[in-house]
Protein chains: 2
Amino acid sequence: MVFSKTCEYAIRAVIYVAQKSEDGAKVGIKEIAAGIDSPVHFIAKILQDLSKREIVQSTKGPNGGFYIDKDSRKKSLADIVTAIDGDRIFTGCGLGLKNCSESKPCPLHSEFKIIRDKIKLTLHSATIGDFNASLNAGLSFIKER
Amino acid sequence: MVFSKTCEYAIRAVIYVAQKSEDGAKVGIKEIAAGIDSPVHFIAKILQDLSKREIVQSTKGPNGGFYIDKDSRKKSLADIVTAIDGDRIFTGCGLGLKNCSESKPCPLHSEFKIIRDKIKLTLHSATIGDFNASLNAGLSFIKER
DNA sequence: CTTGTAAAAGATAAAAAACTCTTTTATTTA
DNA sequence: TAAATAAAAGAGTTTTTTATCTTTTACAAG
């Protein structure tokens, strides 16, 4: 809808890992891919990226895998989105004009401002750790089937 | 921000043609491309498409060009978006889940519903003809430079 | 009815995004 | 310290999106 496909996978993967590693466990890449219905190698790349940016943590070798530490759990969904898609969604013009601004607005500027601000608020308010309970209770889902 | 680049061009082109053909004049493809800062051949393709879908009108030959008739002026921006990008933006899940729904929601379902509904309202409320005055008055812009 | 004009149509090309495969590095454990 | 494991890194490939170029068709005016 508003994110790149890569970013959609990223958010789902992070939420999944947050839930599965709530108790300190580590989650392997295959389990993650299966858990969110994504191509294994593709989500591996994405998590590599998020790992570099310290949004998720990982360890190699036996019993290794991905997890999310206490600090990272407090990060917002906006941090994931910014890491993957940049700030396009938070600052971009609805009609794609690079120099669209309050002082030189596109015809839809003020309407889109409302939409952007709502997206901003939503993604900044929600933390990575916020979804565990609802997922555990089976009240929400991050997998197709 | 939320549309494909093709769709951004489409909206800008339609708004431009609506303004320029307000008095019944026809607008050539080169003028349109220059008027909205888009690649000539690319916007030509897009307008061809919009013409087939009767969102814009055109005539060939000398003094030909694109214009927008009285009926089409009443159409909404949502009609343009649907023609180019489909209904993805109006109905799609924020996390890309195909079977996300009220009864099997993604963790962000209700938040995204608010965003989608605002986008829907914005695009359905605005008609193609709505922007002439503001553009004529120099209060808004659809061109970079 | 011929010539010039302008959009329509079709075919390609380039760039970006999405996805895959192979090799390397780090870590654990026997 | 060797073997097994799992992520990191790197090097493709495929698909989709964006953009370009050429030919055809329609129309108007002389």
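Hydrogens, waters and symmetry mates play no part in the numbers below; they use all other heavy atoms, side chains included. So that the names make sense, note that chain A is the first sequence line, chain B the second, and so on, each numbered from 1.
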Within the modelled atom types, does a donor on one side and an acceptor on the other bring the side chain of A/K45 and the base of D/dA9 under 3.5 Å apart?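 Donor-acceptor pair under 3.5 Å: yes.
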
Classify B/K52 by what it touches in the nucleic acid, base, sugar-phosphate, or nothing, heavy-atom distance under 4.0 Å.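 Answer is sugar-phosphate: B/K52 comes under 4.0 Å of backbone atoms only.
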
Short side-chain N/O contact to [N] OP1/OP2 from [X], under 4.0 Å:
X: A/S4; N: C/dA17; result: no
X: A/T59; N: C/dA26; result: no
X: B/Y9; N: D/dT18; result: no
X: A/K5; N: C/dC19; result: yes
X: A/N63; N: C/dT29; result: yes

Take A/S58 and A/G61, find for each the nucleotide of DNA chain D with the closest heavy atom, and name the residue whose nucleotide sits nearer the 5' end.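 Checking each residue's closest nucleotide, the 5'-ward one belongs to A/G61.
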
Please report the C-alpha distance between A/S4 and A/D85 in whole Å, then the side-chain angles of each, then the deciding distance to 0.1 Å, and finally whether the side-chain hydrogen bond (donor to acceptor under 3.5 Å, both in side chains) criterion is met. CA-CA 7 Å; A/S4 69; A/D85 281 351; 2.6 Å; yes

Distance only, no hydrogens: is a donor on one side chain within 3.5 Å (strictly under) of an acceptor on the other, for B/E54 and B/S72?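 There is no such pair between these side chains.
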
Side chains of A/T82 and A/D79, donor plus acceptor under 3.5 Å: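 No - no donor-acceptor pair under 3.5 Å links their side chains.
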
What integer distance in Å separates [X]:[atom1] from [N]:[atom2]?
X: A/F42; N: C/dT20; atom1: CZ; atom2: C1'; result: 11 Å
X: A/L47; N: C/dC19; atom1: CG; atom2: C1'; result: 15 Å
X: A/K60; N: D/dA4; atom1: NZ; atom2: P; result: 19 Å

If each of B/F66 and B/P62 is mapped to the nucleotide of DNA chain C with the nearest heavy atom, which maps nearer the 5' terminus, i.e. the 5' end?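 The residue mapped nearer the 5' terminus is B/P62.
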
Hey, do the aromatic rings of B/H109 and A/F141 have their centres closer than 6.0 Å?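 They do not qualify: ring centres at least 6.0 Å apart.
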
